[in-house]
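Indexing begins at 1, ligand by ligand and atom by atom, following the structure's order. What you see is a predicted model, and the numbers here were worked out from it, not measured in a lab.
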Amino acid sequence: MDEQESGCVMELVDDEHNVYQCSRCRELWQFEADGPEENSWQFCPACGRGIRR
Ligand SMILES: [Zn+2]
């Protein structure tokens with residue numbers, strides 16, 4: 001329950017290729033444009049944690 005509340009952060013790990021990494025499950029995600037916020041992501045699809053803004 002602590003995990004759900006604390007959520008995760010999507011960190012930009014590759015500026016050139018627009019790749020983000022979940023701070024909790026370390027899954028990598030590549031966006032065609034912008035980041036998770038601009039693409040209306042609210043949860044990490046891999047671990048299901050809420051993405052903190
Ligand atoms: Zn995750």
Determine whether the side chains of Ser23 and Arg49 contain a donor N or O and an acceptor N or O closer than 3.5 Å.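 No donor-acceptor contact under 3.5 Å links the two side chains.
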How many angstroms lie between atom SG of Cys47 and atom CZ of Arg26, to the nearest 0.5 angstrom?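 The SG atom of Cys47 sits 11.0 Å away from the CZ atom of Arg26.
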Roughly how far apart are Tyr20 OH and Leu28 CG, rounded to 0.5 Å?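 With rounding to 0.5 Å, OH (Tyr20) is 13.0 Å from CG (Leu28).
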By the side-chain hydrogen bond (donor to acceptor under 3.5 Å, both in side chains) test, which pairs, at least two apart or in different chains, include something from residues 29-39?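 Every pair satisfying side-chain hydrogen bond (donor to acceptor under 3.5 Å, both in side chains) with a residue in residues 29-39: there are none.
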Under 2.8 Å from the Zn ion (ligand 1) - protein N/O/S, by chain and number: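 Listed by chain and number, the atoms are Cys22 SG, Cys25 SG, Cys44 SG, Cys47 SG.
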For a 4.5 angstrom cut-off between non-hydrogen side-chain atoms, does Ser6 reach Arg24?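 In short, these two side chains touch, coming nearer than 4.5 Å.
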Kindly list each side-chain donor-acceptor pair under 3.5 angstrom involving residues 7-16, sequence neighbours excluded, with atom names and distances?
| unit_1 | atom_1 | unit_2 | atom_2 | d |
| --- | --- | --- | --- | --- |
| Asp14 | OD1 | Glu16 | N | 3.1 |
| Asp14 | OD1 | His17 | N | 3.2 |
| Asp14 | OD1 | His17 | ND1 | 3.3 |
| Asp14 | OD2 | His17 | ND1 | 2.9 |

